[in-house]
Amino acid sequence: MAKGAAVKPAAPAVKDISYNPRVVEKKWQAKWEADKLYRAVIDERKPKHYALTMLPYPSGDLHIGHWYAMIPPDARARFKRMQGFNVLFPMGFDAFGLPAENAAIKDGVHPMKRTYANIERMRKQMRSMGAMFDREREAVSADPEYYKWTEWFFIQLYKHGLAYRKKAAVDWCPKDNTTLAREQVVGEGRVCERCGTPVIKKNLEQWFFKTTKYADELLNFDGIDWPQTVKTLQTNWIGRSEGAEVNFHIASEKELGNQESGIRNRDGLIPPDSQSLITVFTTRPDTLWGATFMVFSPEHPLVDKITTPEQKAVVDEYKAQAARQSDIEREAADKEKTGVFTGGYAINPVNQARIPIWIADYVLMSYGTGAIMAVPAHDERDFAFARKYDLPIVPVIQPEFQNEAEMGNPSTGSGQRMKAAYIGDGVMVNSGPFNGTKVNTEKGRKNPGIRKVIDWLEAQGIGKESVNYRYRDWLISRQRYWGAPIPMIHCEKHGWNPVPEDQLPVLLPEDVEWKPTGESPLKLHPTWKNTTCPVCGGPATRETDTMDTFMCSSWYHLRYLSPHYNKGPFDQAEYNYWMPVDTYTGGIEHATMHLLYTRFFHKALRDMGITEGNEPMLQLRNQGMVLAEDNSKMSKSRGNVVAPDVLVEKYGADTVRAYIMFFARWEMGAPWDSQGIEGTARWIRRVWALFTDQTPPTTASVEVKKNLRRKVHQTLKRVTRDFERFEFNTIISSLMELMNEMYKAREAGAAGSADWNEAAEIYLKMLAPVAPHIAEELWTNHLGKPYSIHQQMWPKVDEAAAKEDVIEIPVQVNGKVRDRIMVPAEASEDQIKSAALASETVQKYLEGQEPKKVIVAQRRLVSVVV
RNA sequence: GCCGGAGUGGCGGAACUGGCAGACGCGCACGACUCAAAAUCGUGUUCCUUCGGGAUUGAGGGUUCGAUUCCCUCCUUCGGCACCA
């Protein structure tokens with residue numbers, strides 16, 4: 001800091017206002033491109049750094065959000081490069097997808113034509129950013145040379161048993177006319193992630209990837225530096241829950257015949273055959289003795305078998321009604337529970353209790369086994385159901401310190417007086433051999449009660465430890481044209497077989513018609529689907545569905561390594577050098593989609609010997625969102641989008657880049673402020689003037705120069721740290737501060753001195769990643785340094801120079817700052833202490849009293865307590 | 001309901017590991033330059049004030065010599081999940 005420095009006015013500098021970003025930026029962009037300055041090639045002598053930013057969909061126009069996503073990572077990649085890393089920073093296009101096809105249905109423009117025109121336009125716009133993308137690494141997922149390998153990967157997954165076909169109730173978007181992965185259905189209304197239309201269920205046979213095989217491994221984030229929020233989102237999405245599977249069986253004739261004699265049936269137990277076995281999943285096996293009824297999902301296959309003739313009419317009616325309801329209606333959590341009795345009974349294997357079987361739509365066929373044991377005393381949902389239909393409630397967990405009135409009286413075997421289900425800890429009661437066992441609120445084996453019961457169930461052969469996941473396999477079929485074809489052939493005799501690999505890629509036919517029929521144009525194409533069976537050579541048909549575009553983006557980071565390589569998806573040498581990705585950046589909206597798929601993909605490939613290591617991306621950072629000025633979301637339809645092209649035209653790319661980095665915390669985002677950019681523009685112009693003004697001769701004092709040098713190295717230290725941490729806004733403010741100091745130093749006559757020249761050099765090097773054009777122009781043409789600034793090494797901090805020699809220390813009396821004292825930086829704590837107590841102001845506040853305590857805190861503050 | 005993030009001047013935000021709250025910028029006010037405006041430059045700018053000070057980082061409490069920072073309770077807001085047995 002320049003505190004205490006005598007600022008002597010010098011002759012005013014002569015202003016140079018020749019800064020014209022349009023000329024400067026065009027000039028350098030052309031030169032850098034001609035020189036292939038940003039070409040990244042393998043160089044074993046240098047450490048590598050793979051910086052990756054999520055690739056855009058070619059929507060047609062680059063908007064401010066793209067800049068926000070790409071520019072700060074670009075600046076950081078440039079910084080890494082100056083630090084001596086060999087940096088790969090590629091860009092490409094996620095070019096398949098619905099919007100282009102939907103537009104084609106409207107106006108007949110072929111998706112391919114539209115997509116490639118959009119790409120061309122966006123390439124041009126991207127050039128104006130002045131980013132260090134390696135153009136020769138660009139990959140476009142809709143290029144046959146790309147999707148050939150997307151198809152190839154499908155076949156590898158198929159061959160390794162990770163791609164399979166099954167009929168299932170799948171989510172269908174009636175507007176986009178296609179199935180969707182579970183992840184693409186969002187929100188309370190269960191709507192299509194893309195178009196907001198409520199989805200419906202369809203029973204279809206579709207292709208799936210076995211993502212669930214990796215569920216446990218995907219929960220492990222060891223060795224990767226990812227934001228906690230993403231890890232939490234993925235963990236919740238996978239939804240692992242630990243418990244047990246328990247085998248109940250349908251009560252036999254004999255068991256039913258005994259019903260007068262009560263719950264127990266000691267003699268003549270008929271061993272349950274597999275037909276009458278009902279397996280349930282429960283996270284609370286410790287409450288098994290409290291199961292007083294069972295509930296089946298209305299779709300459960302055993303429902304018809306157990307339903308008695310008397311109950312058939314109501315059961316059929318309930319089933320029909322459940323089938324009619326949409327998912328939204330059915331899954332509304334606050335809906336009152338309904339259900340009907342089937343007339344059938346099951347036998348609880350732990351105590352032979354004969355319990356009624358109901359069906360209810362709150363039990364989902366898609367989770368667990370589609371059937372549950374209901375323990376109304378200790379589960380809120382079961383409690384509500386039991387109350388409504390007057391089913392017995394038997395408490396089996398007794399809280400240790402609660403009176404009977406609240407709990408009901410367990411000794412009578414009745415929980416009818418309970419006001420709510422009890423889900424806390426306590427002691428097992430009414431539970432045969434387990435009475436007295438303590439139960440806490442831990443999940444799974446960590447809970448002593450659950451652990452003991454699971455071990456016992458396994459010993460008895462009536463159940464086993466089990467884990468269930470909310471996570472589903474990834475549905476990848478899309479009934480659309482504009483995607484990578486699923487390379488499978490169906491033959492009447494030989495079923496499904498992959499297209500022989502030497503016949504890849506299966507190319508999309510170009511002569512297709514756009515009709516809003518809801519069927520894939522591939523299916524309607526007269527000849528495309530006809531082919532021969534790879535097994536017998538007989539007539540066969542191609543799969544006409546295409547792949548979810550998330551399949552393309554699951555491996556694009558590999559295609560960038562060698563986008564035109566034709567012997568495999570990537571060149572092994574490139575892989576060995578560049579992978580894994582060192583820093584990955586993008587929006588958090590992909591937490592449970594792309595980011596989970598790409599981890600799955602990498603692990604599956606690893607198990608096939610194609611990739612190495614457990615994770616594809618070591619470090620992940622998410623940028624926030626740029627909102628419109630009124631805090632609303634930017635969208636074309638609202639007409640509130642900020643067009644970067646206009647800003648570049650007005651201020652130049654360097655200013656837009658700097659403002660993008662400055663105006664918000666990058667990971668948070670903020671509403672756009674079109675006035676705020678004026679401040680950044682002013683700064684850039686002032687930087688230009690600082691370096692181009694004609695300055696008076698050097699007259700500065702030693703002190704002024706020393707202070708300048710201190711500020712330079714303090715700033716360098718801070719900027720270096722902030723680049724590492726993705727704290728871009730403070731990089732800019734530090735550079736603004738240093739510039740202000742340099743203006744003051746110049747006014748004090750520092751220009752032209754050795755310290756000034758060092759400051760100028762370091763300043764431009766720090767500016768180079770942020771504002772590459774102006775930094776290059778000032779570096780080569782005004783400082784006369786060798787081209788290019790972007791090939792210079794990042795400067796080293798001189799710690800000694802950065803140190804203050806006099807420090808100002810605030811003195812608190814009873815927690816309030818009363819004075820500030822100046823002491824030498826090397827002063828001992830004792831010296832600081834006496835200096836503080838010597839202060840007149842401090843003495844005044846002491847009012848003659850002896851201080852009780854004097855704390856000198858890390859030479860930063862003195863605290864006097866009276 | 002459950003899980004996670006955030007809450008600091010008129011605004012965006014800063015504050016290293018518990019140690020001077022409000023850096024930097026926008027906006028605003030005043031001044032210089034100008035016939036005038038813009039641009040530019042300079043000064044000021046958390047609030048209250050009886051000009052001594054006092055209050056202040058969503059609210060309340062706690063730990064501490066000292067809390068924007070740690071702990072507890074609550075409020076607001078954003079995001080995710082949601083009858084998951």
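Labels below follow one simple rule: chain letters A, B, ... track the order of the sequence lines, proteins then strands, and each chain is numbered from 1. Since the structure is predicted, the reported quantities are computational estimates derived from the model, not experimental observations. What's counted below: heavy atoms across the whole structure, side chains too, no hydrogens, waters or symmetry copies.
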Review point. Roughly how many Å is it from CG in A:D361 to P in B:A85, rounded to a whole number?
Key: 18 Å

Exercise for review: Measure the distance from CD1 on A:I732 to C1' on B:C26 and round it to the nearest whole Å.
Suggested key: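 Whole-Å distance recorded here is 15 Å.
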
Is the charged tip of [X] near the ring of [Y]: under 6.0 Å from the six-membered ring centre and within 45° of its axis?
X	Y	result
A:K337	A:F385	no
A:R599	A:W226	yes
A:R470	A:W237	yes

Exercise for review: Go through B:G5, B:G19, B:A85 for me and flag the one nearest to the A:T229 side chain.
Suggested key: B:G5

Check your understanding: Hey, would you say the A:Y367 and A:Y469 ring centroids sit under 6.0 Å apart?
Key ->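 Judged by ring-centre distance (under 6.0 Å), A:Y367 and A:Y469 do not meet the cut-off.
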
Point to revise | Position toward the 5' end of RNA chain B (nearest nucleotide), A:Q228 or A:L861 | key: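 By nearest-heavy-atom nucleotide position, the 5'-most residue is A:Q228.
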
Point to revise | Which residue lies more 5' along RNA chain B, comparing A:M373 with A:R682 via nearest heavy atoms | key: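 Per heavy-atom nearest nucleotide, the more 5' residue is A:R682.
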
Are there any protein N/O atoms within less than 3.5 Å of an N/O atom in nucleotides 11-15 of chain B, and if so, which ones and at what distance?
| unit_1 | atom_1 | unit_2 | atom_2 | d |
| --- | --- | --- | --- | --- |
| B:G12 | O2' | A:F663 | O | 2.2 |
| B:G13 | O3' | A:N729 | ND2 | 3.1 |
| B:A14 | OP1 | A:N729 | ND2 | 3.1 |
| B:A14 | OP2 | A:R665 | NH1 | 3.2 |
| B:A15 | OP1 | A:R718 | NH2 | 2.9 |

Review point. Can a salt bridge be assigned to the pair A:K711 and A:E741 using a cut-off of 4.0 Å between side-chain N and carboxylate O?
Key: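 Looking at A:K711 and A:E741, the cut-off is not met.
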
Review point. What integer number of Å spans the P atoms of B:C48 and B:G10?
Key: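 Straight-line distance between the two P atoms is 9 Å.
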
Exercise for review: Please state whether the rings of A:W666 and A:F728 are parallel, tilted or perpendicular, taking 30° and 60° as the class boundaries.
Suggested key: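 The rings of A:W666 and A:F728 stand perpendicular, inter-plane angle above 60°.
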
Practice item. Under 4.0 Å between any heavy atoms, over every strand shown, what does A:R818 touch: base, sugar-phosphate, or nothing? Just pick one. Key: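 It contacts sugar-phosphate atoms only.
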
Practice item. With sequence neighbours excluded, tell me which residues meet side chain to side chain contact (heavy atoms under 4.5 Å, CB included) with A:T232. Key: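 A:T232 satisfies side chain to side chain contact (heavy atoms under 4.5 Å, CB included) with A:Q228, A:N236 only.
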
Exercise for review: Tell me whether B:G9 sits syn or anti, counting syn as a glycosidic angle within 90° of 0.
Suggested key: syn

Study note, to complete from the structure: Classified by glycosidic angle (syn within 90° of 0, else anti), B:G66 comes out anti

Scan nucleotides 75-81 of chain B against the protein and return all N/O pairs shorter than 3.5 Å with their distances rounded to 0.1 Å.
| unit_1 | atom_1 | unit_2 | atom_2 | d |
| --- | --- | --- | --- | --- |
| B:C81 | O3' | A:R470 | NH1 | 2.9 |

